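Predicted model only: the values in this text are computed from it and were never measured. Letters go in sequence order (proteins before strands), and every chain restarts at 1.
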Amino acid sequence: MSDVVMHVWRGDSNGGDFEEYTLPAQEGEVVLDVIHRIQATEAPDLACRWNCKAGKCGSCSAEINGKPRLLCMTRMDQLPEGEPVTVTPMRAFPIIRDLVSDVSYNYEMARKVPAFLPPPRPEDGYRMSQIDVERGQEFRKCIECFMCQNVCHVIRDHEENKGKFAGPRLFIRYAELEMHPLDTNDRRDLVRDKAGLGMCNITKCCTEVCPEHIKITDNAIIPLKERVVDADFDPVAWLGRKILRRTKRTPQEASVQPE
Amino acid sequence: MTTLEHHDYDVIIIGAGGAGMRAAIEAKERGLRVALICKSLLGKAHTVMAEGGVAAAMGNVYEEDNWKVHFRDTMRGGKMLNHWRMAQLHAQESPDRVQELEKWGALFDRTKDGKILQRDFGGHRYARLAHVGDRTGLELIRTLQQKAVSLDIDVFMECKVVRLLTGDDGSVTGAVAYWRPTGEFVTFAAKAVVLATGGVGKSWKFTSNSWEGTGDGHAVALWAGAELIDMECVQFHPTGMVWPLSVRGILVTEGVRGDGGVLKNSEGERFMFNYIADMFKAETADSEAEADRWYDDHTAGRRPPELLPRDEVARSINSEVKAGRGSPHGGVFLDIASRRSAEVIRRRLPSMYHQFMELAGVDITQEAMEVGPTCHYIMGGVRVEPDNGATSVPGLFAAGEVSGGMHGSNRLGGNSLSDLLVFGRRAGMGAADFAEGRAGDVPKLEESLIRHYIDEALEPFTRDEGENPYDLQHDLQEMMQTNVGIIRTGPELDEALEKLEVLKERVNNISVKGGRAYNPGWNLATDLPAMLTVSTCVALGARERKESRGGQTREDFPKADPELGKINFVSRQPAGGGFNEEIKISPEPLPEMPDELKALLEEAPK
């Protein structure tokens with residue numbers, strides 16, 4: 001097989017540049033394999049975050065030829081043959097070194113989500129039907145690769161929005177809890193006022209990059225937006241919830257972490 | 001000495017997989033100051049790789065199931081080398097731990113009447129594994145992560161512990177670590193320390209383990225004076241991917257077989273019928289027809305031999321390949337395509353479908369997978385008190401894969417996630433009790449020793465010329481794969497131990513380039529001493545245990561020796577040891593099982 005040419009961004013918060021590496025191609029390799037071969041030979045200090053190497057942990061997110069991808073799930077033979085492969089860190093987050101970015105923003109936003117709060121467990125356990133858990137299960141497939149956050153234009157080029165915008169990863173978390181058959185917290189005011197749900201104008205960039213194929217926009221963000229609107233303007237829906245569904249805790253109560 | 005970053009805590013937990021997080025939650029709920037320290041980002045630990053499920057005798061699918069059957073299955077699967085008390089606690093408490101996860105937000109798959117659904121797995125008599133498709137580990141880790149976040153536990157992410165510190169009385173006092181993003185050192189003083197660092201698989205060439213599985217916890221425990229038991233018992237999971245080469249070793253869940261997948265050789269034969277050991281003959285089907293009846297109704301036939309414990313299946317695959325009946329890339333075929341509809345396969349095994357499609361270009365609903373054994377799990381580990389996870393070092397506790405005893409010589413699939421929950425919680429309680437009972441504030445740390453450990457870790461930067469740490473890691477992996485793999489012999493183990501001594505010499509000549517900030521070459525250099533220590537313990541144990549039992553297979557001693565079945569091999573170093581110091585290994589009797597539990601084992605299978 002022929003050679004592969006890699007253009008890998010090297011640098012830190014003070015700046016950096018592309019470094020070129022040329023290696024013999026090997027059958028069946030993913031981009032992460034090639035990065036590992038560069039580390040093992042020419043550049044042992046090339047920083048790259050990874051863990052499972054099977055698309056399950058979401059650690060190795062980066063941008064390959066300008067597109068957010070998991071390094072471990074992108075096969076070299078799917079990229080244009082004979083052209084250099086460009087690898088850069090995710091752009092929406094501060095750089096630590098080389099391909100590693102500081103994703104702590106996502107963890108900070110996660111801390112603001114009021115916890116799941118079920119009613120007391122009945123003697124013979126909770127009962128839920130498969131069809132009801134499946135809605136939440138779709139969102140719980142999330143591997144926290146943060147690529148949806150990385151492409152979201154609300155924050156990608158607007159650092160100033162980060163304080164008031166939780167981003168698609170956390171919107172699916174809010175949606176999952178909102179749709180959980182057992183949850184009793186009401187986070188709708190919170191997701192509108194503090195998590196910036198209204199700033200999303202549903203361009204679906206997040207859905208397009210999700211490696212787990214979660215329909216972030218259609219199944220989480222849009223239903224959430226509808227529920228938030230319902231909470232404000234629809235007295236029938238409000239009454240219906242009061243009568244037909246279990247009582248959710250008020251947003252004020254919900255924002256307090258349970259004991 | 002420049003001022004180091006320093007933190008005081010009641011309890012620090014090293015490792016943030018399932019066991020570490022469960023321990024942290026327990027200690028934090030007691031109102032203590034708790035820190036969780038992990039080498040990667042939170043939620044990325046190897047627990048996410050667990051696919052099939054968490055074993056708990058809830059009896060939701062087969063109401064005949066109960067803790068006694070689970071205990072029996074676990075002991076037999078471990079070839080009776082398990083610590084009986086751990087196996088008992090595990091079987092009794094895992095249902096509560098699973099239900100507790102549900103209270104914290106986990107969404108398991110459901111039965112028709114809305115209970116938690118349970119699936120079949122190797123070695124479990126009844127469908128027992130609570131699961132979420134084939135991504136149960138992710139569900140478990142996310143649930144624990146979100147619970148830990150809601151409790152506001154302090155988390156030190158991408159922070160690697162290089163050494164534990166002990167006081168004059170031998171008790172643990174804290175730990176020395178460095179931040180991977182900056183390379184700056186940090187010290188922790190703590191009244192109690194819980195090790196939950198997972199496994200050692202990265203020392204083999206073909207492994208399901210990530211870069212993190214370097215045996216840090218095993219090594220720092222041994223160096224601090226704790227005991228390791230039965231380190232020779234390493235599980236080679238029967239079904240890892242074998243092709244393409246770059247993904248060789250990545251796990252293929254046992255759920256494929258639990259859901260109807262069968263193993264075939266190059267002649268198309270379901271070869272597992274030829275490898276049913278006497279111990280399992282009474283409860284294993286002897287014809288394809290009987291095995292196939294069992295999937296729909298467990299009372300209509302005995303279990304298919306594809307669902308024998310992992311050690312049995314891995315050895316059988318190895319034998320088929322050796323006999324020339326392997327697949328084109330040196331494995332065997334795992335076929336579910338011809339046995340279940342595409343729709344069922346995609347629903348029950350979505351990650352496997354995705355993984356083979358993306359990485360190998362194989363559609364598992366249409367063709368068979370090529371699979372072979374991959375280094376997966378270490379049953380051996382830090383010797384602990386079953387009830388509270390205490391090690392022989394006062395104040396030091398361990399839980400999960402880093403601890404030993406629970407699984408004997410072979411772990412059943414699904415028993416790892418339940419182990420994490422049961423013993424993570426117990427170690428958290430043990431550490432909290434110890435911290436509450438320890439007089440005074442946090443212990444004082446010895447500055448000169450801290451400086452010594454830091455200098456040791458930084459040494460590779462001081463050499464201009466020297467070896468690339470990656471070359472050393474590569475040589476170690478090749479050697480362990482060849483000499484201390486799935487089938488072992490005395491002479492090969494002797495050679496392994498000689499080669500390990502050479503590798504230890506070479507560690508002293510490692511040179512790393514670049515700065516300290518997020519430098520994977522340096523990070524690896526600091527992992528290598530632990531890798532060499534645990535590899536030595538594995539090879540020593542494998543040489544001493546002159547029998548075949550579970551995860552220890554000796555070609556020169558192919559049978560289990562009843563006398564050795566009553567023996568733990570215990571590795572030790574004096575406190576303050578290190579990878580260059582000698583490791584002593586000695587046989588010690590297993591704890592005696594009470595008669596009422598013995599009776600459970602003798603009971604005939606239904």
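- Between the side chain of A:K53 and the backbone N or O of B:S246 there is at least one donor-acceptor pair closer than 3.5 Å.
- Ranked by heavy-atom pairs shorter than 4.5 Å toward chain A, the options B:R180, B:E212, B:M157 are led by B:M157.
- Heavy atoms closer than 4.5 Å to chain B are found in the side chain of A:V100, but not in its backbone.
- Proximity to chain B among residues 101-109 of chain A is limited to A:V103, A:Y107, judged by heavy-atom separations below 4.5 angstrom.
- The candidate from A:Q26, A:R49, A:M73 with the greatest count of non-hydrogen atom pairs under 4.5 Å with chain B is A:R49.
- Salt bridge annotation for A:K56-B:E51: present, with a cationic side-chain nitrogen under 4.0 angstrom from a carboxylate oxygen.
- Of the candidates A:E134, A:E138, A:H180, B:L107 forms a side-chain contact (heavy atoms from CB on, under 4.5 Å) with just one, namely A:H180.
- B:K44 places a side-chain N or O within 3.5 Å of a backbone atom of A:E144 that can act as its donor or acceptor partner.
- Chain A forms the most heavy-atom pairs under 4.5 Å with one residue out of B:G43, B:P350, B:P520, B:G521, and that residue is B:P520.
- Listed options B:V247, B:D471, B:V132, B:D152 were ranked by heavy-atom pairs under 4.5 angstrom with chain A; first place goes to B:D152.
- Highest contact tally toward chain B, considering only A:A54, A:G28, A:A40, is held by A:A40 [criterion: heavy-atom pairs under 4.5 Å].
- For B:P328, the side chain to side chain contact (heavy atoms under 4.5 Å, CB included) partners at least two apart in sequence or on another chain are B:F333, B:E370.
- Of the two parts of A:I131, neither the backbone nor the side chain holds a non-hydrogen atom closer than 4.5 Å to a non-hydrogen atom of chain B.
- Put simply, of A:C52, A:G125, A:A110, A:G55, the one with the most heavy-atom pairs under 4.5 Å next to chain B is A:C52.
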